[in-house]
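Step one of this worksheet: look at the structure below.
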Amino acid sequence: MSDVVLELRDVVRRFRTEAGALTVLDGASLSLRAGEIVALVAPSGTGKSTLLHLAGLLEKPDSGEVFIAGQAAGTLGDDKRTALRRSSIGFVYQSHHLLPEFTAAENVILPQMAAGVGRAQAAARAAELLGRFGLTERLDHRPGRLSGGEQQRVAIARALANKPRLLLADEPTGNLDVGTSDRVFEELLEQVRGHGVAALIATHNPALAARMDRAVTIRGGRVEAAPL
């Protein structure tokens, strides 16, 4: 069985603007294997977020195909795309998007329950993950009582809660100070590498990119290798 977790094959994505159609991605191709961590170092405005959204099945390409673990997503209906996203893909955003009315543990429990996991099992998984990120004493704290670094660690734990095969991260440490950014990123890498997850991580930080397996950029709407 192939260990390719993500494949974008000749994807094209256009947007309508007042000036006409804007082609952001134009035949972009990329593949990630299990356990591989790839830095996406494209400048802002080149289609970085669009690429992540396509990879995460949040958008559909105008042409081309996205494969998750060998399964073509373009032919799937919305319900099956949602189920595939929940079971196979984890997201980490720069602004962690935690639910403010729920505790750290509940923020990690809820996506598991949405995927059909029972409450007790989800709570045990949340406690385990948050403990690995040094947050055992913060399980019952709501996001407003957590530091920025703690909130981002909860967001990473949430992204890993359903044991995804693919992790997508958009500037996951961009809002953190240098020291906190380094610690949070090290924890992310440890968890991803330890579980053989394929990861595509967008970052403007060359030091963080250099710690990944390889780097890609977007040029002229296509994905190209970039130096580390």
Side-chain angles (χ1 to χ4, degrees), residues 6 37-40 42 44-45 47-60 66 68 78 81-117 119 122-123 125-135 138-177 180-192 195 197-205 208:
L6 169 69
I37 304 175
V38 177
L40 177 57
S44 297
K48 191 169 49 176
S49 293
T50 298
L51 185 73
L52 289 170
H53 288 169
L54 290 173
L57 309 184
L58 296 173
E59 297 181 22
K60 293 183 179 181
V66 178
I68 303 295
D78 288 343
R81 284 171 64 88
T82 298
L84 182 59
R85 189 165 57 243
R86 284 177 176 167
S87 66
S88 300
I89 304 172
F91 296 86
V92 183
Y93 301 97
Q94 181 174 348
S95 299
H96 19 72
H97 298 305
L98 298 179
L99 299 173
E101 67 271 31
F102 294 101
T103 66
E106 288 167 340
N107 268 278
V108 182
I109 289 169
L110 290 173
Q112 296 179 75
M113 294 183 66
V117 177
R119 174 82 189 201
R125 170 73 171 158
E128 175 196 2
L129 275 173
L130 291 169
R132 290 178 185 173
F133 284 107
L135 295 171
R138 299 287 190 269
L139 298 184
D140 296 327
H141 289 201
R142 291 181 179 174
R145 296 180 60 196
L146 303 175
S147 69
E150 288 171 338
Q151 290 184 52
Q152 196 63 314
R153 279 181 274 172
V154 174
I156 294 170
R158 178 182 60 187
L160 295 171
N162 284 328
K163 300 180 180 178
R165 302 185 66 177
L166 172 66
L167 180 75
L168 302 170
D170 193 357
E171 297 287 349
T173 60
N175 283 333
L176 306 177
D177 63 71
T180 302
S181 172
D182 188 69
R183 289 194 299 274
V184 170
F185 193 74
E186 187 60 39
E187 290 163 352
L188 187 153
L189 290 183
E190 182 179 340
Q191 290 298 318
V192 168
H195 293 85
V197 179
L200 180 62
I201 302 176
T203 181
H204 282 110
N205 187 326
L208 295 185

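Bear in mind that the values here come from a model prediction, so they are computed numbers and not experimental data. Hydrogens, waters and symmetry mates play no part in the numbers below; they use all other heavy atoms, side chains included.
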Please check this pair: side chain of [X] against backbone of [Y], looking for a donor-acceptor N/O pair closer than 3.5 Å.
{"X": "Arg165", "Y": "Ile68", "value": "no"}
{"X": "Asp170", "Y": "Ala202", "value": "no"}
{"X": "Asn107", "Y": "Phe102", "value": "yes"}

Output every pair passing salt bridge (charged side-chain N to carboxylate O under 4.0 Å, His left out) with a member in residues 92-106, not counting sequence neighbours, ordered by first then second residue.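 Applying salt bridge (charged side-chain N to carboxylate O under 4.0 Å, His left out) to every pair that reaches into residues 92-106, excluding sequence neighbours, yields nothing.
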Excluding sequence neighbours, so at least two apart, what forms side-chain contact (heavy atoms from CB on, under 4.5 Å) with [X]?
{"X": "Ala157", "value": "Val108, Leu129, Leu130, Phe133"}
{"X": "Thr180", "value": "Leu176, Asp177, Arg183, Val184"}
{"X": "Glu190", "value": "none"}
{"X": "Ala55", "value": "Leu6, Leu8, Leu168"}

Looking only at heavy atoms, what is the nearest atom pair of [X] and [Y], with distance?
{"X": "Val117", "Y": "Ala122", "result": "CG1-N, 3.7 Å"}
{"X": "Arg125", "Y": "Ala161", "result": "NE-O, 3.1 Å"}
{"X": "Pro164", "Y": "Val197", "result": "O-CG2, 3.6 Å"}

Non-neighbouring partners of Lys60 that pass salt bridge (charged side-chain N to carboxylate O under 4.0 Å, His left out), sequence neighbours left out: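 Lys60 satisfies salt bridge (charged side-chain N to carboxylate O under 4.0 Å, His left out) with no residue once adjacent residues are dropped.
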For His97, all residues meeting ring-ring contact (aromatic ring centres under 6.0 Å, His included), sequence neighbours excluded: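 Here the qualifying residues are Tyr93.
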Would you please name every residue forming a side-chain hydrogen bond (donor to acceptor under 3.5 Å, both in side chains) with [X], sequence neighbours left out?
{"X": "Asn162", "answer": "none"}
{"X": "Arg85", "answer": "Thr82"}
{"X": "Gln112", "answer": "none"}
{"X": "Arg81", "answer": "none"}

Identified side chain to side chain contact (heavy atoms under 4.5 Å, CB included) partner of Leu167 from the options Leu200, Ile156, Leu188: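 Among the candidates, only Leu188 passes.
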